[in-house]
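Just so you know, these numbers use all the heavy atoms, side chains as well, and skip hydrogens, waters and symmetry mates. For ligands, and for the atoms within them, numbers begin at 1 and follow the listed sequence.
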Amino acid sequence: REEEERLRNKIRADHEKALEEAKEKLKKSRDEIQAEIQTEKNKVVQELKKKDSKPLPPVPLPNLIGINSGEPSDPDIREKRNKIKEMMKHAWDNYRQYGWGHNELKPIARKGHSTNIFGNSQMGATIVDALDTLYIMGLHDEFREGQEWIDKNLDFSVNSEVSVFEVNIRFIGGLLAAYYLSGQEVFKIKAVQLAGKLLPAFNTPTGIPWAMVNLKSGVGRNWGWASAGSSILAEFGTLHMEFVHLSYLTGDPVYYNKVMHIRKLLQKMDRPNGLYPNYLNPRTGRWGQHHTSVGGLGDSFYEYLLKAWLMSDKMDTEARKMYDDAIEAIEKHLIRKSNGGLTFIGEWKNGHLERKMGHLTCFAGGMFALGADGSRDDKAGHYLQLGAEIAHTCHESYDRTTLKLGPEAFKFDGGVEAVAVRQNEKYYILRPEVIETYWYMWRFTHDPKYRQWGWEATQAIDKYCRVSSGFSGVKDVYSSSPTYDDVQQSFFLAETLKYLYLLFSNDDLLPLDNWVFNTEAHPLPVLHLANTTLSGNPAYR
Ligand code: DMJ
């Protein structure tokens, strides 16, 4: 009884106090009230910022070698390398002038550009994607400008629906690489804040994440075009490298557990012909359409199996086994030789092989070479050879065009070899995959033809894609007077120019024994975790 009475009195007193306060407030002008609200809001934001920027626990940094060397002694190679650096300056300076803070640049309209993968806010995708390229090229003033923008402006508490995959590979990958290269804490802190915003995407009945998530509300959903509400293999299967690093750097197993859960689930599933379909429904845990691709929708899933093994200092043998199994099935069902003797990787569609290869698929040449060492039954020679054959085919796809730049997709059918047939497959949007493969092949063989092919591509890009305010994609590589798409993709600075620069650098710049490149060409160091675990045991640090 007494307690009830006490409570009632308290409620009455609170109520009266609130009424008094409201009366006081109403005496104030509208402007005064608005100013008060703003002050309160600022206080909350400041508090949140303080909480967000708490220093993370220190962890021993892995062995970071070869981050700023690589100067070739041959004057001809040095000159080529300098030319590529000049192209990077041209791309960056124009983005700086006309697109600063926007995600990408429209080099002809001279304004910012964005697509739905980045949501509706200006997240400076080009800045984050370009940082590590600037760093290894020794463009330190530009790097500092980028760092300053990120420190002051990169904010993830925005009501914006982004692609989980793209944000992971470009932003988290870019920030982590910038952190490892420069040691600047701000990059690590931002990467961890952003990763926290992606975690709600994993709240599905199976733990397979949604393709998109709203950074503010945490609500996720899938692309409308994906088979029966499915998530995409190359999207949910391309989180592993970055998430392992996040757990390593924070001591928080949550990231590692999310990606290991995906792996375990995939391991348990039946695979038609041993192939992984591109679509998986996150509600039911069942495959969607039985399409398999080493290009778009599948590609980097295979890449990350191999790289998970490499990044773990070859301790993650489960990943290596999954890679070996997958590649064997791919070789059996998808890889063929054309009548003209070109090795190509086709696409599997409901039991039928489509004899078409995408520009995206060309990355696989480099992957086969990278995975040669340590392959099952000691087939290193075979996989290096396969890498060389894919590199050759992809070079042919460039060489058979008017501009000497590769089309988006090319066929091996009805007398056509390595040539695009459909008009909407004839474009080149500054993609890196062919050059990426040249670079890996160069590192493993030092065959001068890879530098020669890389130089052909550099010259073609400079001639046909360079405009006065940046670089643009072209709509038809078979036309002698191509039109521009007016987009300078962020991956041009992150990947295409980085791989070209590395191709004309010595091997001691980012040596492959110490660094593993994520699928957006952001280098992450090999982690030596031999006696440790990332799955919840704090002892590992
Ligand atoms: C990049 O964002 C990445 O390389 C991704 O894995 C595939 N596509 C683009 C470049 O073409």
J.: Work out whether the distance between some heavy atom of E433 and some atom of ligand 1 is less than 4.0 Å.
T.: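 Under 4.0 Å: yes for E433.
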J.: How does L360 reach ligand 1, by side chain, by backbone, by both or by neither, if only non-hydrogen atoms under 4.0 Å count?
T.: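 For L360, only side-chain atoms sit under 4.0 Å from ligand 1.
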J.: Does T519 reach ligand 1 with a nitrogen or oxygen that is under 3.5 Å from one of the ligand's nitrogen or oxygen atoms?
T.: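 N/O-N/O distance under 3.5 Å: yes.
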J.: Ring centroid separation for Y256 and F243, is it under 6.0 angstrom?
T.: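 Aromatic pair excluded; centres sit 6.0 Å or further apart.
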J.: Any carboxylate oxygen within less than 4.0 angstrom of a Lys/Arg side-chain nitrogen, looking at D413 and K356?
T.: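 A salt bridge is absent here (no side-chain N lies under 4.0 Å from a carboxylate O).
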J.: Measure the acute angle between the ring planes of Y95 and W92, then classify it against the limits of 30° and 60° as parallel, tilted or perpendicular.
T.: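 Answer is tilted, since the angle falls between 30° and 60°.
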J.: What do we get for A234 next to ligand 1 when only non-hydrogen atoms under 4.0 Å count, side chain, backbone, both or neither?
T.: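 The answer is neither.
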J.: Would R271 and Y276 count as a cation-pi pair here, with the cationic atom under 6.0 angstrom from the ring centre and within 45° of the axis?
T.: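 The answer is yes, since R271 meets both limits relative to Y276.
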J.: In terms of the angle between their ring planes, are H392 and W453 parallel, tilted or perpendicular, with boundaries placed at 30° and 60°?
T.: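 Answer is tilted, since the angle falls between 30° and 60°.
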J.: Salt-bridged, K89 to E142, with N to O below 4.0 Å?
T.: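 A salt bridge links K89 with E142.
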J.: Is the contact between H359 and ligand 1 made by the side chain, the backbone, both, or neither, using heavy atoms and a 4.0 Å cut-off?
T.: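 Answer for H359: neither.
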J.: Among all protein heavy atoms, pick out the one at the shortest distance from atom 2 (O) of ligand 1; state its residue, atom name and that distance to 0.1 Å.
T.: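 The closest heavy atom on the protein side is E520 OE1, 2.5 Å.
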J.: Does at least one non-hydrogen atom of R170 fall below 4.0 angstrom from an atom of ligand 1?
T.: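 The answer is yes, since R170 has a heavy atom less than 4.0 Å from ligand 1.
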